Amino acid sequence: MLKAGFRGGIHPSGHKQATSGVAITRGPVPASLIVPMSQHLGAPCLPVVEKGDHVVRGQVIGTVEAFVSAPIHAPMSGVIAAIRPQVLVSGQRVSAVEITCDEDPDLDVFVRCELADSTAGAARSAGIVGMGGAAFPASVKLTPPHDMPVHTVILNGCECEPYLTCDHRVMLETPLEVIDGARLIRDAVGASRVVVGVEDNKPDAVAALRAATADDVEILSLRTSYPQGAEKQLIFAVLGAEVSHGKLPASTGALVHNVGTAVALARAVRERRPLIERVVTVTGRVVRPGNYLTVIGTSIGELISFAGGFSGEVGRVISGGPMTGMGVSDLSAPVVKGTSGIVVLGPGEVAPAVHGDQPCIRCGRCSDACPMMLQPFVLGIYANKRMWDQTQDHHALDCIECGCCSYVCPTSRPLVQLIRLAKHAQLERGE
Amino acid sequence: MTPHSSATEPLELPRTTITSSPHIAGRENVTSIMLWVVAALAPTALWAVYNMGWVAVLLLVSCIVSTLATEYIWNRVAHRAQTLWDGSALVTGLLLAMSLPPRTPWWMAAVGGIVAIALAKMIFGGLGWNLFNPALVGRAIITISWAGVMSEQVIPGGWFRGIDVLGTESLDAISGATRLALAASDRLVDGAYGFDMQAQYSPFLFRNLEGSLGEVSAALLVAGGLFLIFKGIIDWRVPASYIGTVALLSWALGSDPLFNVLAGGVLLGAFFMATDYVTSPMTATGRIIFGCGCGLINVVGRLFGPLPEATTWAILFMNGLVPLIDRFTIPRTFGWGKRRA
Ligand code: SF4
Ligand code: SF4
């Protein structure tokens with residue numbers, strides 16, 4: 001059978017074998033946490049605690065009225081040591097609550113969240129955001145506008161980023177909760193169909209999910225290809241429909257959620273459990289690569305130490321996957337709700353730095369790889385010359401910033417970086 | 001539950017440079033790509049040397065040294081970053097040598113190499129900016145400037161006897177028109193061929209001393225070309241549409257299709273010249289149009305033109321159309337179609 005997929009894309013080596021067979025285990029139990037008040041897209045929360053307050057695990061410590069937002073809960077019990085600015089891995093400077101954790105913490109207990117009367121409400125009160133990396137508040141996506149009915153819910157279990165295996169392990173170890181979450185989302189938005197898309201490099205996850213479901217949840221094995229897990233590419237692979245330029249993905253009648261989000265949602269609804277910890281893949285050049293259940297607010301450095309520290313020369317520490325993740329410049333930055341992995345690359349594994357303006361040799365690799373069917377080399381040349389009319393004509397705004405073009409370019413032209421520049425410039429001009 | 005695991009020393013982050021994503025890159029770079037092309041051509045080149053002797057060595061050396069030296073000197077004089085090591089000049093030199101008859105005097109080949117790099121590539125801004133295939137420009141200049149040498153065919157005498165360092169007429173060789181020329185001229189005269197075309201398949205495939213270095217064995221060229229396709233270095237569309245058009249069209253015009261594919265520069269052109277990244281289209285559709293155009297001009301030029309060897313001109317002409325082809329074959333951006341959404 002020809003597997004469903006999308007056009008373009010790349011096949012980087014997965015590097016997943018180091019952690020794909022390692023069961024999820026409890027990560028570090030830190031003595032202190034830094035909990036940012038903004039771990040999501042949308043309005044940042046305002047702290048509702050003060051310095052010196054004692055908080056218990058699961059208690060709300062930050063909230064805001066805005067529709068597009070998600071409250072923040074205390075990941076561990078302790079005393080508020082400070083409320084101060086913190087620079088996140090993304091470079092954002094946000095307000096954060098520093099907690100000095102109680103001694104001998106019991107991580108099996110937590111304060112249940114406020115009772116909600118709907119799945120969207122439970123998502124909101126549990127502070128659930130997209131756990132694939134985008135961190136968009138789940139409650140918003142569970143409240144689709146009336147003029148855009150959802151007929152198909154797609155759970156994203158592709159995990160197409162190299163190195164990362166947290167979603168893989170979640171599907172393998174808690175398939176019942178994935179399926180439960182899938183049904184909850186389907187019923188919340190009134191969809192008739194729900195599909196879990198998994199890349200075919202994870203046959204064990206496919207089997208586990210199939211064993212956990214009746215026929216009402218379809219488990220679809222998709223061609224392994226990056227970026228299969230990108231929203232538009234996933235919808236195309238599952239439904240054969242393209243999200244039209246300038247339209248929301250929901251305009252296709254599809255709603256995409258990450259499998260990790262579905263599990264968090266199931267727990268929010270069944271156990272009223274707030275989102276205070278998540279599975280983070282720690283891999284690459286660390287002594288004990290693994291999938292660690294990590295308390296939000298744990299510093300990246302502590303998490304790496306827990307994994308045994310660096311195992312060799314370090315070229316770069318990445319938060320997230322190597323294709324779309326962010327380089328870490330300060331190991332004291334905290335793990336947040338959207339942190340899917342910490343990947344430590346050796347010096348030789350990092351993409352070569354670009355010296356000067358490398359020529360385009362017109363090899364066509366970038367346009368062959370572009371899942372949006374753009375011509376990255378053209379965009380790169382125009383962006384370099386600051387010719388924004390031309391970048392607009394070549395649909396720069398359709399770029400999903402997957403990085404395939406930069407990845408394949410034999411002269412290491414910084415294509416996606418140039419295209420980001422073009423997008424910002426175009427948006428600034430007001431388009 | 002182990003409380004407070006953070007008793008250990010805080011971890012130090014080594015000094016690293018940080019750029020935005022993606023943080024990893026694919027395996028190929030320009031040098032590796034160029035070396036794959038060299039590897040694909042190497043068997044043919046070695047077979048040419050084995051069969052044609054020192055003249056072939058001399059030709060290879062003079063082409064490669066002249067292209068490398070020109071690139072090096074140009075960069076030095078123009079204060080550009082040194083691009084010698086990207087391997088593209090090496091490929092140009094190798095391709096130029098492969099496109100020349102073994103009889104070509106070494107100095108003539110060197111002029112071709114200098115022209116190829118200086119006037120067909122560096123003057124436009126170096127690799128990536130040239131419109132025409134440098135090796136073919138070099139060959140074209142030689143053909144125009146010294147027409148006699150390129151059309152007159154001298155079969156080299158093999159090792160030791162075939163040394164013709166000064167380009168004097170000391171070759172112990174047979175001079176005469178090639179079978180390709182015969183085929184073309186016969187067709188012009190009365191449409192009948194003076195020899196059995198099918199009987200030529202085997203020499204063309206395995207050992208042919210009549211044409212350029214690259215024509216010594218069609219089988220080795222095809223093997224090299226297929227190797228590049230399977231390595232993902234070149235796109236199958238260009239050679240497939242080029243060779244397909246040559247076969248179909250020559251068949252339609254009453255000539256033997258396989259003979260026309262095997263004879264002359266078609267295979268070298270289709271696999272190694274027309275696939276040059278810089279001077280061929282970037283889009284899938286464009287590459288097919290380009291390949292068909294090359295094949296069309298090649299056959300028409302061969303069967304009706306003044307020169308039997310039309311490959312150079314066919315590809316150079318199509319090179320000139322590439323910007324146009326690229327413009328009109330831009331694929332539909334995802335989400336911009338008539339598809340339901
Ligand atoms: S242009 Fe954008 S969408 Fe296309 S490959 Fe590059 S980053 Fe991905
Ligand atoms: S991959 Fe790089 S060299 Fe190749 S066409 Fe794209 S920009 Fe040019």
Side-chain angles (χ1 to χ4, degrees), chain A residues 12 28-31 103-107 162 232 241-245 247 251-252 301-302 304-306 309 314-318 322-327 329 331 345 349-353 356 359-364 367 371-375 377 395 398 403 406-408 410-412 416-417, chain B residues 1-33 81 83 86 88 125-129 232-235 276-284 286-287 322 326 330-337 339-341:
Chain A
V29 182
E103 301 217 354
D104 292 323
D106 182 354
L107 295 186
K232 290 176 180 178
E242 289 183 14
V243 177
S244 290
H245 163 79
K247 291 262 175 63
S251 63
T252 57
E302 179 155 7
I304 295 173
S305 294
F306 186 82
V314 177
R316 190 169 300 171
V317 177
I318 299 158
M323 290 302 295
T324 55
M326 288 165 294
S329 56
L331 291 180
L345 295 182
E349 293 156 351
V350 179
C360 165
I361 61 165
R362 298 177 39 88
C363 67
S367 33
M372 296 304 289
M373 311 289 282
L374 296 171
Q375 298 201 290
F377 67 100
H395 302 167
D398 286 271
S406 295
Y407 176 88
V408 294
T411 62
S412 309
V416 60
Q417 293 85 340
Chain B
M1 192 79 19
T2 42
H4 307 295
S5 63
S6 58
T8 49
E9 286 286 293
L11 206 61
E12 282 285 322
L13 181 66
R15 280 179 85 78
T16 53
T17 53
I18 293 185
T19 59
S20 52
S21 63
H23 304 282
I24 51 174
R27 233 170 293 120
E28 303 294 0
N29 54 46
V30 181
T31 310
S32 72
I33 290 169
T83 49
D86 68 18
S88 64
L127 182 67
W129 296 104
I233 304 289
I234 61 173
D235 187 350
D276 172 36
Y277 293 150
V278 180
T279 58
S280 62
M282 308 274 293
T283 63
R287 285 172 184 161
V322 164
D326 272 343
I330 296 179
R332 184 184 61 83
T333 305
F334 186 101
W336 282 76
R339 264 170 194 278
R340 82 203 149 93

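The chains referred to below are lettered A, B, ... by the order of the sequence lines, with proteins before strands, and numbering in each begins at 1. Since we're looking at a predicted model, the values are computed, not measured.
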Excluding sequence neighbours, so at least two apart, what forms salt bridge (Lys or Arg N to Asp or Glu O under 4.0 Å) with B/D86?
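Partners of B/D86 under the salt bridge (Lys or Arg N to Asp or Glu O under 4.0 Å) test: none.
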Decide yes or no for [X] and [Y]: does some side-chain heavy atom of the first lie under 4.5 Å from some side-chain heavy atom of the second?
X	Y	answer
B/N29	A/T411	no
A/M323	B/I24	yes
A/C363	B/E28	no
B/T283	A/Q375	yes

What option among B/D326, B/T31, B/I330 has the most heavy-atom pairs under 4.5 Å with chain A?
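Winner by heavy-atom pair count: B/I330.
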Can you tell which of [options] has the highest number of heavy-atom pairs within less than 4.5 Å of chain B?
options	result
A/T324, A/V350, A/D398, A/I304	A/D398
A/V416, A/L345, A/I318	A/I318
A/G301, A/S329, A/P359	A/S329
A/S412, A/P162, A/C360	A/C360
A/S406, A/G315, A/S367	A/G315

Checking heavy atoms, do the side chain of [X], its backbone, both or neither come under 4.5 Å from chain B?
X	answer
A/K247	neither
A/V317	side chain
A/H245	both

Between OG1 on residue B/T333 and NE2 on residue A/H395, distance to nearest 0.5 Å
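NE2 of A/H395 is found 4.5 Å from OG1 of B/T333.
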Decide side-chain contact (heavy atoms from CB on, under 4.5 Å) for B/F334 and A/L374; before the verdict, give the C-alpha distance in whole Å, the side-chain angles of both, and the deciding distance to 0.1 Å.
CA-CA 8 Å; B/F334 186 101; A/L374 296 171; over 6 Å; no
Do the side chain of A/R362 and the main chain of B/T279 share a donor and acceptor less than 3.5 angstrom apart?
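Absent.
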Smallest separation among heavy atoms of A/A351 and B/A25, with atom names:
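Smallest heavy-atom distance, with atoms named: CB-CB, 3.8 Å.
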Identify the heavy atoms of A/Y407 and B/P22 that sit nearest to each other, and give their distance.
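In this case the closest contact between A/Y407 and B/P22 is N-CG, 4.2 Å.
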Can you name the side-chain hydrogen bond (donor to acceptor under 3.5 Å, both in side chains) partners of A/R316, sequence neighbours left out?
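side-chain hydrogen bond (donor to acceptor under 3.5 Å, both in side chains) list for A/R316, sorted by chain: B/T19, B/H23.
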Tell me, side chain or backbone of B/I33 under 4.5 Å from chain A's heavy atoms, or both, or neither?
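Contact with chain A involves the side chain of B/I33 alone.
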B/I233 portion near chain A, given a 4.5 angstrom heavy-atom threshold:
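For B/I233, heavy atoms of backbone and side chain both lie under 4.5 Å from chain A.
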